[in-house]
Structures are given as C-alpha cells and as structure tokens.
Amino acid sequence: AQIAKDDEGSLHRSLQSIRCLCASLGLVEAINWALVSESELSRCGWSVGEAVRLANPLSQDAALVRPSLVIGLLRTIRRNLSQGAEGVKVFEVGHLLRAAAQPDERVALGIALTGAWNRDWRTRETCDFFRLKGLVEVLVQRLCHQHPTFRAASMAWAESGETATVLLDNRVVGIIGKLARHVADAWDVEQDVWIAELDVASLLQARRALETAATPSLFPPVKRDLSLLVKNTVAFDQVASTIREVGGPLAHQVGLIDRYIGKQLPAETHSLTFSIHYRDASRTLTAEEVDRLHTQIGRALIERFGAQLR
C-alpha cells in the first residue's frame, strides 16, 4: 500500500523523536541488516515458516527477511562483547516482515541490555529486568503520555517466568524479558541479556494529548501501609488495580515498597507491602474516614485473591 506524503513525513518525524528519546535515556543506536539465516531463526526459537523467504537470495546466510529485531540485537551484543565491552545498551528502529497470507510489515523499536550499565571508581551498576522495565516505562510515558502496564507472558526466545507483555489501554504494544539461557548459549553469549521489542504503530496510536497541570492540594495526605500474603500467581498489578478501584480518587498514591519470599512463608506464596497515600483535594481527611476505606480495601483483597492481611 502506498503511503501519502503527509503520512510518510509524519512517520519520519515520529521515528526521529523515538531515536532522540532513546539516546537521551543513555542508549546507543544500532543499525543491523534486515536479512537473516535459517540458523539464526532457529537459535531464537522461530520456525522458517514465520519468516518471508527471498526469491533469489545472494547467500543462504541472508535468505530470509527478519520477523523480529531480536536477531540483529543479539548480533550487536555478541560482536561488542567479543571486542571486550563490559556492557552493551543499544536500541534499534527498523522494519519487520512476518509471514502470513498477506505479509505483515511493521516498524518496531528494539532495546537490548547486558553487562554494566554504568561503571566508575565508586560504583558499578548492572543491567537487569528492572532497568529495562524502567526504560520502557519512561519511554512510553514520554511518547504516549500515559503509564504502561505489564502482564506475565511467554516467548520462544525469553526465559520462562521473566517475561512480560507491555500494555496500553489493555492492548499489547510490545514485550520485554530476559533472554533464555539456551538461546544465549546458542549465540555464544555467557552473560544475561535483557530485550524489549515494541510495535511503533501501536505506540503512536496510543498517544494522548498532554494533560494540563493541576494545582497541588493544600491538604496533607494520610499515609497507611498494607501488608498481605497471596499466592505467587497473584501479580502486583492485580493487587494495585484493586486498591485503586476500591480506594477511588481518595487513594491518591499507591506504591509497592516491599516483596518478601522466604522459608517462613507457606509454599508458593509471597508477601507484598503497599504504601497508600489517602488525600482529598478539598479538605483534610479524618483518621476514621481513612481507617474505614483502608478496611474496605483489605476486605476486597481477601475476597478476590484469598489474601491474608498481616
């Protein structure tokens, strides 16, 4: 399909904005060839049928069009580590082509981290899942002006239990996760690698207008902590969403301040502790009002998740 000149110009400006935003977050741009081999596909867990094959390739090492940016990012990481780099933190914006009755061409943003994020004479900060998650959160917030949510997921190239989809307005816009050990071994990468891939069109469609600034409340918040024991299958976001739903606008701020797993707890459970700031913009809340709402939230968590309040 042909793209109108205005749309083409708008997309180019948007992609340049994404590149500048990634660079401002400390990432370095990588540009990889869009053609891959069957071997590279299989090492990442994809089948040949998921990629579009060239009719007349120059080499079998470049016989297929990439269905994902992951392969190119892994090439970049392996090459840099082999040259002695202590850490790699790169991004790439590029086109993908996935096999279907009508081949699906998309523009994606890929991010890959491994090793040291920052190192000086005082400290050495390493890359991990939460570093990657934080980068994705900031990027999406600045680009789309809304907060993403995350939900546990699985991918062929990712480690089970350390992978999540990225959602905006309850729609999947990407995935983040730790590279599975068997995939890393297949690429001769010894250290942990963290990868994100986001669909650019979905991000741009989810953009919202900037909200006007609100005057800070003159009335102080009332702070309460809430600790509960739930099964490991109950995710943080499920609990936090319930707290916000039951607390309504008075639950002004909800944050996770501790997660504990240990022998003292029953098997397959974890303890979560939330800090909740209750605030009314028009008046000071009384202790009785806050206690009543805090109790309602606790009851809702017991009913929905079988939680034990601690």
Legend entry - Within the 6.0 Å centroid threshold, strictly below: Phe236 and Phe274: yes
Heavy-atom pair of closest approach, residues [X] and [Y]:
| X | Y | value |
| --- | --- | --- |
| Leu139 | Leu109 | CD1-CD2, 3.7 Å |
| Gly298 | Leu309 | CA-CD1, 3.9 Å |
| Ala307 | Ile302 | O-CG1, 3.4 Å |

From [X] atom [atom1] to [Y] atom [atom2], the distance as rounded to the nearest 0.5 Å:
| X | Y | atom1 | atom2 | answer |
| --- | --- | --- | --- | --- |
| Ile195 | Met155 | CD1 | CE | 10.0 Å |
| Trp157 | His182 | CH2 | NE2 | 11.5 Å |
| Ile71 | Arg66 | CD1 | CZ | 9.5 Å |
| Asp169 | Gln146 | CG | CD | 4.5 Å |
| Thr269 | Leu229 | OG1 | CG | 4.5 Å |

Inset, instruction - For atom CZ of Arg299, decide whether the heavy atoms of other residues, nucleotides or ligands shown that lie under 6.0 angstrom number more than 12. - result: no
Inset, instruction - Test salt bridge (charged side-chain N to carboxylate O under 4.0 Å, His left out) on Asp192 and Arg181 and set out the steps. - result: CA-CA 8 Å; Asp192 292 338; Arg181 177 37 51 193; 3.5 Å; yes
Inset, instruction - Measure the shortest side-chain to side-chain distance between Glu50 and Ser68 over non-hydrogen atoms and say whether it is less than 4.5 angstrom. - result: no
Legend entry - Asn80 and Arg75: side chain donor to acceptor below 3.5 Å: no
Inset, instruction - Consider only side-chain N and O atoms of Ser37 and Gln60, and report whether a donor and an acceptor are under 3.5 Å apart. - result: no
Legend entry - Sequence neighbours excluded - side chain to side chain donor-acceptor pair (under 3.5 Å) pairs with any residue from residues 251-268: Arg259-His270, Tyr260-Gln264
Inset, instruction - Measure from NZ or CZ of Arg43 to the centre of the six-membered ring of Trp187, then state whether that distance is under 6.0 Å and the direction lies within 45° of the axis. - result: yes
